[in-house]
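These notes are about the structure you will find just below.
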Amino acid sequence: MPELPEVQSVVNYFKPLLLNETIHSVNHLNDYPKVFETHTTSELNKHVSNKKITRIWRRGKYIILNLSNGHLCIHLRMTGQLQVGSSLNDNTKHFTALINLKNKSKIYFKDYRKFGRIYFFKNLDILNYKLGPEPFDPSFNYKYLKNNLNKSRGMIKPKLLNQKFIAGLGNIYVDEVLWKCRVHPITRCDKISAIKIKRLLSAIPEILQKSIDFNGTTIINFSPGNKTKGEFAKYLNIFGKQNQHCSHCKTIIKKIFVSQRGTHFCPKCQKY
DNA sequence: GAAAGTGTTGAAAG
DNA sequence: TCTTTCAACACTTT
């Protein structure tokens with residue numbers, strides 16, 4: 001259930017294990033060829049086998065492995081996890097794919113809801129078309145935010161969840177950002193004041209960076225039996241805190257649904 | 001035991 | 001064109 005900070009944490013963890021290593025082959029597991037979105041398993045192997053991983057990085061919520069002839073991209077969606085190796089304790093029925101490296105190490109893609117996908121792209125035009133600016137990129141600036149919000153009549157929460165508007169935010173961090181900025185999640189984008197736009201501009205990278213510093217919020221399995229847990233969960237102020245007291249004003253936090261997503265907010269801090 | 005809920009995304013419908 | 005709804009899936013909670 002990874003958002004930008006969780007994906008970045010995965011990238012950080014795997015960088016030393018994958019960088020400059022060569023892919024031997026990839027397999028789909030448990031009779032789930034759909035895990036490879038862009039190619040059949042045999043076609044994908046023709047592209048990636050014997051290719052060296054020259055860079056591992058993140059764009060939005062995609063993990064990207066640069067190869068000499070293209071990019072192997074992994075999207076974890078709701079429940080995807082990457083795991084180094086396997087043990088007898090593993091429930092392998094949720095493994096959907098396997099990356100075999102020349103050095104014999106095995107990276108498993110574990111995904112109990114099976115929404116996660118692996119893609120191979122010659123270039124990243126498709127991703128760049130689908131994804132808006134990175135929250136840490138200079139192109140995500142006041143002018144971009146103001147211009148886009150001013151012409152949107154929809155609600156701010158779904159806007160921030162829209163990856164084409166800004167890449168990387170998901171349900172947890174949108175709730176956290178809106179709480180910090182004191183913006184009600186159903187506020188119309190074009191009704192947000194300049195001061196609140198400025199708050200959004202600084203809170204978005206700030207909250208994401210802080211979460212990255214703590215390896216994200218949610219549990220991420222990097223190796224079998226080792227349930228690596230993001231430590232940012234301790235610093236959440238609003239997400240999952242319904243019926244608890246707002247840390248700012250002590251009002252009881254409410255949970256509502258906004259465009260079908262569970263949404264937490266403080267009725268006093270985030271007036272509509 | 002049935003139904004709703006879960007951190008994502010894109011296709012389809014409005 | 002823009003915004004909302006729903007399905008893809010499997011497991012847990014109500």
Side-chain angles (χ1 to χ4, degrees), chain A residues 1-10 28-38 58-63 73-82 91-97 109-119 126-127 129-132 147-179 185-191 207-208 211-212 214-221 227-233 235-243 255-265:
Chain A
M1 316 77 140
E3 307 177 30
L4 185 154
E6 289 73 32
V7 175
Q8 186 65 52
S9 299
V10 173
H28 66 261
L29 299 176
N30 286 301
D31 200 23
Y32 198 70
K34 277 167 71 178
V35 69
F36 299 130
E37 176 82 19
T38 54
R58 178 195 61 70
R59 172 82 170 96
K61 300 174 193 171
Y62 290 81
I63 299 160
C73 302
I74 302 169
H75 198 300
L76 303 170
R77 290 283 189 108
M78 295 279 275
T79 53
Q81 298 179 329
L82 293 178
N91 185 350
T92 57
K93 78 173 178 180
H94 297 130
F95 286 10
T96 56
F109 192 15
K110 193 177 166 183
D111 186 13
Y112 79 86
R113 284 178 76 182
K114 294 196 174 102
F115 293 166
R117 293 291 182 268
I118 298 177
Y119 312 75
I126 293 173
L127 289 194
Y129 174 77
K130 287 202 295 199
L131 299 175
N147 287 347
N148 279 280
L149 293 181
N150 278 352
K151 63 186 183 195
S152 295
R153 285 169 299 172
M155 300 180 284
I156 185 63
K157 171 149 182 173
K159 189 73 178 174
L160 293 176
L161 287 171
N162 183 346
Q163 303 297 298
K164 194 160 185 173
F165 173 58
I166 176 173
L169 289 175
N171 208 28
I172 296 176
Y173 296 104
V174 167
D175 281 6
E176 293 296 322
V177 163
L178 291 174
W179 177 81
I186 69 170
T187 309
R188 260 176 68 142
C189 295
D190 56 4
K191 302 290 184 198
I207 289 173
L208 293 173
S211 181
I212 292 169
F214 288 97
N215 288 320
T217 300
T218 51
I219 293 167
I220 306 164
N221 275 17
K227 295 224 188 307
T228 307
K229 191 176 166 125
E231 296 296 318
F232 189 69
Y235 301 94
L236 294 175
N237 280 298
I238 198 82
F239 187 86
K241 307 285 185 188
Q242 62 272 25
N243 304 322
K255 182 177 180 184
I256 56 172
F257 280 86
V258 176
S259 59
Q260 274 123 317
R261 311 298 301 277
T263 297
H264 314 76
F265 74 104

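Heavy atoms only: backbone and side chains are in, while hydrogens, waters and symmetry mates are out. All chains are named by letter (A, B, ...) in the order of the sequence lines, taking the proteins before the strands, and each is independently numbered beginning at 1.
- Separating the CD atom of A/Q260 from the P atom of C/dT3 is a distance of 16 Å, rounded to the nearest angstrom.
- Following rounding to the nearest Å, A/M78 (CE) and C/dA10 (P) show an atom-to-atom distance of 13 Å.
- Using a 4.0 Å heavy-atom cutoff across all strands shown, A/K255 reaches sugar-phosphate atoms only and no base atom.
- In A/N147, the CG atom is crowded: over 12 heavy atoms of neighbouring residues, nucleotides or ligands sit closer than 6.0 Å.
- Rounded to a whole Å, the CG atom of A/D111 is 16 Å from the P atom of C/dA8.
- Within the 4.0 Å cut-off from OP1 or OP2 of B/dT9, at least one side-chain nitrogen or oxygen of A/H75 is found.
- With hydrogens and angles ignored, a donor-acceptor pair under 3.5 angstrom links the side chain of A/R113 to the base of B/dT6.
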Quiz prompt | DNA chain C base-pair string [pairs: Watson-Crick or G-U under 3.5 Å; |: paired with another strand] | solution = .|||||||.|||||
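- Using bins of under 30°, 30° to 60° and over 60° for the plane-to-plane angle, the ring pair A/F232/A/F214 lands in the tilted bin.
- A sub-4.0 Å separation between OP1 or OP2 of C/dC9 and a side-chain N or O of A/K34 is present.
- The residue A/F165 sits apart from the nucleic acid: no heavy atom pair falls under 4.0 Å.
- If you take CG of A/N162 and C1' of B/dT9, they are 11 Å apart, rounded to a whole angstrom.
- Atoms CG (A/L76) and P (C/dC9) sit 18 Å apart, rounded to a whole Å.
- As a whole-Å value, the separation of A/I186 CD1 from C/dT3 P is 16 Å.
- The backbone N or O of A/I238 lies less than 3.5 Å from a partner atom in the side chain of A/E176, making a donor-acceptor pair.
- One finds the CG atom of A/L149 at 5.0 Å from the CD1 atom of A/I156 (value rounded to the nearest 0.5 Å).
- When rounded to the nearest whole Å, the span between CZ of A/R77 and P of C/dA10 equals 14 Å.
- Computed from coordinates, the A/K110 NZ to C/dA10 P distance equals 16 Å when rounded to whole Å.
- Side-chain N/O atoms of A/K130 include none lying less than 4.0 angstrom from OP1 or OP2 on B/dT9.
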